[in-house]
Amino acid sequence: MRDFKVNICGVPHEVVFKDDSFTACETHFGEIKYKECKITLSTGMPPEMEKQTLIHEMVHGFFTHLGYNNLAGDEVLVQSLAQAMAQSFEVKKEL
Ligand SMILES: [Zn+2]
């Protein structure tokens, strides 16, 4: 997929794709750099997983921009919200 931008609380963030997976954690396929306003996603994921990973990173960004820094690091909460949001948009599309 080509690089693009997303809007996180009014701030454009560049989304770029990287060939190799992230070494920090085998189950983490995305990363957000708050100061650089940049999200990096691993290539080669199925579309649904790519979308969920993007939303996951955006949720990190939402919490940070809204001042909930303590929640931004809560991976279980972030992933739960990302799954809920991804699934909600799917249902809407089918209606
Ligand atoms: Zn995360």
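Atoms within each ligand, like the ligands themselves, are counted from 1 in listed order. Side chains included, hydrogens not; waters and symmetry mates left out as well; all remaining heavy atoms used.
Partner Ile32 forms a side chain to side chain contact (heavy atoms under 4.5 Å, CB included) with one of Leu54, Ile39, Thr40 and no other, that one being Ile39.
Within the structure, side chain to side chain donor-acceptor pair (under 3.5 Å) pairs that include any residue of residues 71-86 comprise Gln52-Gln79, His56-Glu75, His56-Gln79, His60-Glu75 (at least two apart or interchain).
Qualifying side chain to side chain contact (heavy atoms under 4.5 Å, CB included) partners for Leu81, counting only residues two or more places apart in sequence or in other chains: Val59, Phe63, Leu77.
Across Ala72 and Thr64, no two heavy atoms sit closer than the pair CB-OG1, 3.4 Å.
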Donor-acceptor list for residues 5-17 side chains, cut-off 3.5 Å, not counting sequence neighbours:
unit_1, atom_1, unit_2, atom_2, d
Asn7, OD1, Gly10, N, 2.7
Asn7, OD1, Val11, N, 3.4
His13, ND1, Val11, O, 2.8

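Within the protein, the number of N/O/S atoms found under 2.8 Å from the Zn ion (ligand 1) is 5.
Rounding to the nearest 0.5 angstrom, the gap separating the CZ atom in Phe29 from the CE atom in Met49 is 4.0 Å.
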